[in-house]
Amino acid sequence: MPNVRITLPDGTAREFPEGVSGREVAQAIGPRLAAEALAARVDGRLVDLSTPIETDAPVQIITPSSPEGLEIYRHSSAHLLAAAVLELFPDAHPGVGPPTDTGFFYDFYREKPFTEDDLAKLETKMQELVQADLPYERVYFPKGEGLRLFQQKGEFLKCQLIEEKAEPVFSAYRTGKFLDFCRGPHIPSTGRVKAFKLLSVAGAHWKGDEHSYPLQRIYGTAFFSKKDLDEFLAKIEEAKKRDHRRLGKELDLFSIQDEAGPGLIFWHPKGGIIRKEIEDWLRTELQERGYDLVFTPHAMRLHLWEISGHANFYRENMFGPMEVENDKYQLKPMNCPGHILIYKSHTRSYRELPLRLAELGTVYRYERSGVMHGLLRVRGFTQDDAHIFSMPDQVEREVQDCIEFAFLVLKTFGFDRYEVELSTRDPRNPEQYAGTIEEWELAEGALKKTLERMNIPFKAMPGEAVFYGPKIDLKLVDAIGRPWQLTTVQFDFNLPRRFGLEYVGSDGRLHTPVMVHRALFGSIERFFGVLIEHYAGAFPLWLSPVQAAILPISEKHLGYARQVAEELRAAKLRVHLDDRNEKLNARIRDAQLQKIPFMLVVGDREAQSKTVSVRRRDTGDAGAKRLDEFKGWARELIDSRATKW
RNA sequence: GCCGGCGUAGCUCAGUCGGUAGAGCAACGGUUUCGUAAACCGUAGGUCGGGGGUUCGAUUCCCUUCGCCGGCUCCA
């Protein structure tokens, strides 16, 4: 038998008989690798360990330590789930079951819904199948024959997939009773699945099309070790504890009320303080950076939205227009047209550019019921919006300033990780975009060059640009590693043209300005939600609604406590004197649960020495401090907007 | 909007195989005057999300509607 030459990742090459499998290669390298091996990469393609290698090729053995390893493992776990489902619920018709970032799911069509109890039963069955150590057996079918087989099994969803996607001879995987049209690869057998859990059952639609079959999606996750699984489950628990909807209620920050309608936010006094601090900071920064603050109406003639094009392409996201004196008015879903009208209010000279109009603009967008989510997805929200009108040669500088501003936001609010995406046009479909090729090249070049010049790693997203221009999106990553899209910087070639924007250049002629739309926080509501979750409600001192709780030991100490409160208030600290007739322990507990940064205990000792006993919410008793010393310290923390102390 | 689950006191939840509901915390009144995460006693509080139907009788069963939760889809 002829030999094949296998090149391993370390560059060494070895000869094997033709038709050698990945498993045999692994065995030849070492028993440890053989035991860990899940699949193989042969000449760039992922294949089963059992797949014969017919030609000279580079070969890499996939193990749990490679990222593809986990993906394959979870994909196989999804098959294991489907096998268990078919054992217990023969009336279920499998749809698709891929791995995801956090686990896997499998979709089924079935008349009766799955229940939580069913999940427990399925887990038990999956355990049994793991014990049975069933192989993931790869089989091949000619398309016609395979199709008939799946038809006989009544698996109409699979049949549809085969018809659409299958090669003339396609592969399938058999695991117990479950046979799946699947490209693979898979792990060798179910016995290799170590730690998994079914998490939830939810509705889905065949191919994501809401008019197609309603399916039931069973979500699960799988890890190589119980430890990893437990860590993941603990993270889910942690996320639940941080849920801004729950904290918003517990800390009395905001509410959403049935009587008012879904997706509409009521900022309570404590949330209001935080918003005011955010906005005050932002306004100061805007002014320092040469933005002009403007205000525009919340409802404007529908005609305006016809000019802008929103009435057409954005109609699905707008509240319906309202009749006023035989005219129609539209609640604004965006701020751009308002800013454009200000731009157009008189002839602009190149000397005025770049003109940066900023507004904390409250907009209303119609969101389908069922998509609202706390503060993160709402129907009324305030954008920290700005539109920059500039000359083409100024635009790179403006983009850079926006990005730097966005970084300042991250730093100020205590985020140290972020991801950047550059969305550009799809060069294959030039006709679907507004603006000329030259404009697009200028804009994309400006965005890309800026990122490169600033040494910012970014993910290129070709084809992801919106029709009116390319954009940079910045996602921040929160304390427990979740990304949130907030900042966006986008070019707009559409509106300047539609509204006929112009400026008089130094040449005395009329030119069309470049328009950049940007929001840093995105929406104040969403940003607030992210902040709550990031800090788990324990805000930095400068944002805390109550910065210090003053706790007199008994009624006797009320006099001194009032003095302390007054002095701190005079230094512009937000303090709360808790003079309730409760035990000190109870009041400490309440302050602690309210995540108040400092508790100041005052009794005889403190009154005598003009001190306060400081308790920190994070580390507890911090000992006595002179009142003026504490005041100075707190003031400094606030003024520097410290996120840690 | 679609699929599934769920709406009981301000909050967290129990309960009724159909006979108009109960706890803890919060609130209020009193007692207690306290040194770093829950003092004690008492009072009040609910047309059991809204509407309709079945029934002698509905919080419970059915229909419908609103809202919430988990997804799908979409997005700041």
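Hydrogens, waters and symmetry mates play no part in the numbers below; they use all other heavy atoms, side chains included. Proteins come first, then strands; the chains are lettered A, B, ... in the order of their sequence lines, and each starts at number 1.
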Determine whether a donor-acceptor pair (one donor, one acceptor, N or O, separation below 3.5 Å) exists between the side chain of [X] and the base of [N].
| X | N | value |
| --- | --- | --- |
| R526(A) | C75(B) | yes |
| E606(A) | G35(B) | yes |
| S613(A) | G35(B) | yes |

Has Y219(A) got its ring stacked on the base of G71(B), with centres under 5.5 Å and planes less than 30° apart?
-> no

Can you measure [X] atom [atom1] to [N] atom [atom2] for me and round it to whole angstrom units?
| X | N | atom1 | atom2 | result |
| --- | --- | --- | --- | --- |
| R589(A) | G35(B) | CZ | P | 18 Å |
| M372(A) | G1(B) | CE | C1' | 11 Å |
| W206(A) | G4(B) | CH2 | P | 19 Å |
| K249(A) | G10(B) | NZ | P | 12 Å |
| L593(A) | A37(B) | CG | P | 12 Å |
| R580(A) | G30(B) | CZ | C1' | 17 Å |
| L247(A) | U12(B) | CG | P | 13 Å |
| F381(A) | C74(B) | CZ | P | 18 Å |

Checking all strands, does [X] fall into the base, sugar-phosphate, or nothing category for heavy-atom contacts under 4.0 angstrom?
| X | result |
| --- | --- |
| V201(A) | nothing |
| A586(A) | sugar-phosphate |
| G203(A) | base |
| N585(A) | sugar-phosphate |
| G620(A) | nothing |
| R368(A) | base |
| D604(A) | base |
| R245(A) | sugar-phosphate |
| I256(A) | nothing |
| E367(A) | base |
| V363(A) | nothing |
| H373(A) | sugar-phosphate |

Suppose you measure atom [atom1] in [N] against the same atom in [M]; what distance do you get, rounded to whole Å?
| N | M | atom1 | answer |
| --- | --- | --- | --- |
| C61(B) | C17(B) | P | 11 Å |
| A39(B) | U60(B) | P | 40 Å |
| U54(B) | U43(B) | C1' | 41 Å |

Relative to F598(A), does R617(A) satisfy both conditions: NZ or CZ under 6.0 angstrom from the six-membered ring centre, and within 45 degrees of the ring's axis?
-> no

R377(A), nearest nucleotide to its side chain (from A39(B), A76(B), G1(B)) = A76(B)

Using a cut-off of less than 4.0 Å, is there contact between a side-chain N or O of R615(A) and OP1 or OP2 of A37(B)?
-> yes

Would you mind telling me which residue lines up with the more 5' stretch of RNA chain B, K583(A) or V602(A), judged by nearest nucleotide?
-> V602(A)

Pick the nucleotide of RNA chain B nearest each of L376(A) and A202(A); which residue has the one closer to the 5' end?
-> A202(A)

Identified side-chain contact (heavy atoms from CB on, under 4.5 Å) partner of K471(A) from the options V489(A), T488(A), V516(A) = T488(A)

Hey, would you say the F521(A) and F528(A) ring centroids sit under 6.0 Å apart?
-> no

Output yes when a side-chain donor or acceptor of R616(A) lies under 3.5 Å from a complementary backbone atom of W645(A), and no otherwise.
-> yes

Gap separating the NE2 atom of H79(A) from the OH atom of Y106(A), nearest 0.5 angstrom | 5.0 Å

